[in-house]
Each structure stands twice: as C-alpha cells, then as structure tokens.
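Everything below concerns the one structure shown next.
These numbers come from the heavy atoms of this one structure, side chains and all, not from hydrogens, waters or symmetry mates. As the structure is a computational prediction, the values presented were derived from the model and not from experiment.
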Amino acid sequence: MGPGPALIADLRELGRPIFVDAKLHDIPNTVAAAAKQLGSAGARWVTVHASGGASMMEAAAAGLVDGAGTEEAGILAVTVLTSLDDLADLGVEDSISGQVERLARLASAAGVEGVVCSAREIQVCAVAAPDLIRVVPGIRPGGVDHHDQARVATPERAIELGADFLVVGRAITQSSDPAAAAATIAQTILERREPAG
C-alpha cells in the first residue's frame, strides 16, 4: 500500500496534472465514491478497468468530476493489461486486439476521456474510439528489461503509432539514476515529436 490520496494532494502543489493509476473495478456506487475521493484530492486522470462495464465507467466519470469540481477531470479505461499475451485463461475466446476493440467501443459509449492500451493496439483504439485519448504503458527503452510485461514498445515506436501519453514506470524507478533515465526518455520523445527542418 502506498501513501494514497495524501500524496496526490502534495503533488497537486507542483501545479501539474496528476495521473492516478488506481485501476478501479467494483460496483458502480463503490467506484464512483473512490473516484470522487481521488478527484477531491487533486487527480486529473484516474484509471478504471473497462471490463467493469459501461455503468461502472459512467459512475466513475461522474464521481471524478464531482470530486474534482471540474469537467476537465477524466477517466481512462484500461482495456487489456500489457502483462497479458493470451486471454484464454480468462475465458475470453477473442484475440487481444478483438477484446481491446470491444472494450474501447464500450469505453467511448460510456463517456470516458481515454483508453489505456499497449502500443500494439493503438491503431485498433484509434479506429474503434477515435474520440478518446490513447495512454500507453509497457514502455521500455531499448536494452531495458521487459520484466513482467508481454506487450511492450520503445517510447519512439509508441509515439510513431499514435500514443498521446506514455506511462513509464520501472524503466525509470528501477534505474540506478532515475533522473537521468527520465531525462533521456523525455529527450527521445521531444526529438520524435519535433518536426524536421
């Protein structure tokens, strides 16, 4: 267990939008209450599992906005975790891309702000839910251990494929020099986004 909402309130003092990867998944009333608490602490974005259904996602979105006191606070719907490369054990007969497509459409209909998907499914989400932002975890710079992630991409590749935001965890937090690792990744992203010439 981490420090929770108190840390969000502290981070808010930095004046930056705060992404809370809570991955909420429960009945709509419970998720709405949790999202409201996170919103009141200062969260700009909160993740929920799209597999919780449209009603749960709608409740989360309403709770977050209520707690944050602004329509700008948004829910990000997690499609299929980047640690998974086969859904058969979960009783899902469809491919990962098929499941991501289905959940992205459901998320769009539920009125969330974005989806969380691996780089491999960015284009699937772009077609299934073009109105939603695409947040991509499983980011691993070249030469960095994949750990327990199955569907990974470099920062450059994710941006090329159309990611709006990247989630970078252990490539920074487990580096011997986290600040330098973050700076290198940020520079790579800036170079990729800057127009040539």
Side-chain angles (χ1 to χ4, degrees), residues 1-84 99-119 121-122 124-126 128-139 148-149 151 158 162-173 182 189:
M1 282 289 249
L7 177 60
I8 299 169
D10 289 342
L11 291 173
R12 183 171 53 180
E13 299 302 316
L14 298 175
R16 300 288 187 180
I18 299 170
F19 165 76
V20 179
D21 193 17
K23 294 187 179 76
L24 301 175
H25 191 176
D26 210 315
I27 62 172
N29 184 64
T30 300
V31 168
K36 181 176 180 177
Q37 181 181 15
L38 293 169
S40 66
R44 165 63 179 85
W45 293 287
V46 173
T47 59
V48 304
H49 279 288
S51 58
S55 295
M56 188 203 75
M57 287 187 279
E58 290 167 2
L64 181 61
V65 166
D66 187 26
T70 174
E71 294 288 332
E72 291 184 2
I75 290 295
L76 303 174
V78 177
T79 55
V80 175
L81 296 172
T82 52
S83 59
L84 298 174
Q99 179 73 348
V100 168
E101 178 181 0
R102 181 179 303 105
L103 292 173
R105 290 185 192 282
L106 184 65
S108 180
V112 303
E113 186 175 1
V115 290
V116 180
C117 64
S118 89
E121 293 86 43
I122 291 172
V124 170
C125 289
D131 53 320
L132 301 184
I133 62 173
R134 293 173 291 278
V135 178
V136 180
I139 299 300
D148 56 357
Q149 300 295 297
R151 299 181 346 271
D164 294 303
F165 294 97
L166 306 181
V167 179
V168 185
R170 284 173 282 184
I172 294 173
T173 63
I189 293 168

Which heavy atom of A158 sits nearest to which heavy atom of I139, and what is that distance?
CB-CD1, 3.7 Å
How far does CG of L24 sit from OG1 of T30, to the nearest 0.5 angstrom?
10.0 Å
Yes or no on side chain to side chain contact (heavy atoms under 4.5 Å, CB included) for V167 and F19, after CA distance, side-chain angles and deciding distance?
CA-CA 10 Å; V167 179; F19 165 76; 4.1 Å; yes
Within a strict 4.5 Å, meaning less than it, do heavy atoms of the W45 and L64 side chains meet?
no
Roughly how far apart are D66 CG and Q37 CD, rounded to 0.5 Å?
13.0 Å
Can you give me the closest heavy-atom contact between A43 and A68, atom names plus distance?
O-CB, 4.4 Å
Whether the side chain of S40 engages the backbone of G67 through a donor-acceptor N/O pair (distance < 3.5 Å, no angle test) should be reported.
no
Looking only at heavy atoms, what is the nearest atom pair of V136 and A163, with distance?
CG2-CB, 3.5 Å
Knowing that exactly one of V135, I133, V100 qualifies, which makes a side chain to side chain contact (heavy atoms under 4.5 Å, CB included) with C125?
V100
Quick one: do L103 and H49 satisfy side chain to side chain contact (heavy atoms under 4.5 Å, CB included)? Show the steps, please.
CA-CA 9 Å; L103 292 173; H49 279 288; over 6 Å; no
For L106 and A54, which heavy atoms make the closest approach, and how far apart are they?
CD1-CB, 3.8 Å
I need the L132 CG to D164 CG distance, nearest 0.5 Å.
10.0 Å
Taking all non-hydrogen atoms of both residues into account, name the closest pair between M57 and A77 and its distance.
SD-CB, 3.7 Å
SG (C117) and CZ (R151) are apart, to the nearest 0.5 Å, by 8.5 Å
For the CZ atom of R44 and the CD atom of E113, what is their distance to the nearest 0.5 Å?
4.0 Å
Apply side chain to side chain contact (heavy atoms under 4.5 Å, CB included) to the pair V115 and E121, showing each step before the final yes or no.
CA-CA 11 Å; V115 290; E121 293 86 43; over 6 Å; no
Does the side chain to side chain contact (heavy atoms under 4.5 Å, CB included) test come out yes or no for D26 and M56, once each step is laid out?
CA-CA 7 Å; D26 210 315; M56 188 203 75; 5.6 Å; no
Using modelled atom types only, decide if a donor and an acceptor are shared between the side chain of T79 and the backbone of V116 within a distance under 3.5 Å.
yes
Within the 3.5 Å criterion, strictly below it, is a donor on S55 or E58 matched to an acceptor on the partner's side chain?
no
Could you measure the distance from the CG atom of L7 to the CD1 atom of I18? Nearest 0.5 Å is fine.
8.0 Å
For S108 versus A129, what's the shortest heavy-atom pair and its separation?
CB-CB, 3.9 Å
